[in-house]
Undergrad: 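Can you read through this structure? Questions will come right after.
The residues of the chain are indexed from 1 along the displayed sequence.
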Amino acid sequence: MPLLLQDMSKLKTSKELAFLHELFVATDWGERFSGLIDEHVKLPKKCQAVYVAAGTGGHAIALQERAGDDLKFLCVDENEDSLELARAKAAVLKLSTEFRQERVDDLTVEDNRFNLVVGDGSLVHSERIPKMLAEMTRVAAPAATVALSLPTFSSFGEFFSIYWEALHNCDLMDHEADVESLIITLPSVSSVEEMADAAGLESVTSWTVIEEFDYESSEKFLGSPLISDFLMQVWLETLPQGSRKQVVREIGRLINEERHEAEFALTVKATLVMGRKSQCIRTSQ
């Protein structure tokens, strides 16, 4: 069995995922989304901020360094091993940044606390985004800035097309509807803006850039930690475990067949949605 198929069939531990995220995901994928935040979010002075889904903390720490001691960051993530890496980096830089394990869509933080709330939804399941944004808004102080980055509708189109064909070729037509579900679950920019408005944000604005990730072959694509250990785990989650290796093998064959010696490109619509929390305070029920 090819190594990439063996690796994809075995789930990584949280510690392994933390190191993979730090070494291979944050340095490319993550920077496409954090760049939007750097460009459009103005850091306030002398206040408290929270970074939701901070991962291994690279971008949050960069923001903390840029802001200096006047801005106090709390960084939350669901993977404690990622937070351990973040704490180690912050300690080397002698930063006072705080790191805490939390569910990104069910924060234990009190209402109306932070003057800036930043969230990275780039690897959060689309179905969890509405609650994540609502929680980010809940913990924001009145008039605070809330900013969320995420992939939006029409992202990953090249892969979804091949995935559908692979299911058809593997006689798994009953699962072709799963591809449609993956496509429509990705929220459109306008729907995320509506979520922000419903959560209690005002003056909602968004920016979108088209990002392209190029792979020399199917082996490079399927062997990428971003694909095999993060995105593919979501894309294949509805398939029977026994069918996944066959489908992945067919996906690889189709990629190599259709790329005609050119690189396989995966296109992502990286979006930042930002607004200010209404002065009319909403509290949790």
Undergrad: The criterion is ring pair (Phe, Tyr, Trp, His ring centres under 6.0 Å); which residues satisfy it with Trp164, sequence neighbours excluded?
TA: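 Partners of Trp164 under the ring pair (Phe, Tyr, Trp, His ring centres under 6.0 Å) test: His168.
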Undergrad: Give a yes or no on whether Tyr215 atom OH has more than 12 heavy-atom contacts from other residues, nucleotides or ligands under 6.0 Å away.
TA: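 Yes, the 6.0 Å shell around OH holds more than 12 heavy atoms from other groups.
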Undergrad: Quick one: which of Lys89, Gln64, Arg87, Glu65 gives a side chain to side chain donor-acceptor pair (under 3.5 Å) with Thr97?
TA: Gln64
Undergrad: Against Leu167, only a single residue in Asp174, Ile162, Leu239 fulfils side-chain contact (heavy atoms from CB on, under 4.5 Å); can you say which?
TA: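 The passing option is Leu239.
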Undergrad: Does the side chain of Ile227 come within less than 4.5 Å of Phe213's, by heavy atoms?
TA: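 No - every pair of side-chain heavy atoms lies 4.5 Å or more apart.
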Undergrad: Do Glu237 and Val234 touch side chain to side chain, with heavy atoms closer than 4.5 Å?
TA: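 Side-chain contact under 4.5 Å: yes.
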Undergrad: Show your reasoning for whether ring-ring contact (aromatic ring centres under 6.0 Å, His included) applies to Phe159 and Trp235.
TA: CA-CA 10 Å; Phe159 171 78; Trp235 293 339; 4.2 Å; yes
Undergrad: Output the distance between atom CG (Leu20) and atom OG (Ser82), rounded to the nearest 0.5 Å.
TA: 10.0 Å
Undergrad: Working note: Glu158 + Thr267, criterion side-chain hydrogen bond (donor to acceptor under 3.5 Å, both in side chains); need CA distance, chi angles, decisive distance, verdict.
TA: CA-CA 7 Å; Glu158 303 89 346; Thr267 301; 2.4 Å; yes
Undergrad: Given the side-chain rings of Phe33 and His59, with only the six-membered ring counted for Trp, is the space between their centroids under 6.0 Å?
TA: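 No.
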Undergrad: Shortest non-hydrogen contact from Val124 to Asp120?
TA: CG2-O, 3.8 Å
Undergrad: To the nearest 0.5 Å, what is the distance between CG on Asp69 and CG on Leu95?
TA: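 Between Asp69 CG and Leu95 CG, I get 8.5 Å after rounding to 0.5 Å.
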Undergrad: Do Leu71 and Arg66 come within less than 4.5 Å of each other through their side chains, counting heavy atoms only?
TA: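 Side chain of Leu71 against side chain of Arg66, heavy atoms only: no contact under 4.5 Å found.
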Undergrad: Where do Gly119 and Met136 come nearest, in terms of heavy atoms and distance?
TA: N-CE, 3.4 Å
Undergrad: Would you please name every residue forming a side-chain hydrogen bond (donor to acceptor under 3.5 Å, both in side chains) with Arg259, sequence neighbours left out?
TA: Asn256
Undergrad: Using a 4.5 Å cut-off on heavy atoms from C-beta on, say whether the side chain of Pro240 contacts that of His175.
TA: yes
Undergrad: Would you say that Leu107 contacts Arg138 through its side chain, given a criterion of any heavy-atom pair below 4.5 Å between the two side chains?
TA: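 Sidechains of Arg138 and Leu107: in contact.
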Undergrad: Any side-chain heavy-atom pair from Thr152 and Val273 closer than 4.5 angstrom?
TA: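 Thr152 vs Val273: side chains apart.
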Undergrad: Less than 4.5 Å apart, side chain to side chain, heavy atoms only: is that true for Lys72 and Ser96?
TA: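 Contact flag for Lys72/Ser96 side chains = yes.
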Undergrad: May I ask you to test the Arg103-Lys131 pair for a side-chain heavy-atom distance under 4.5 Å?
TA: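 No; the side chains remain at least 4.5 Å from each other.
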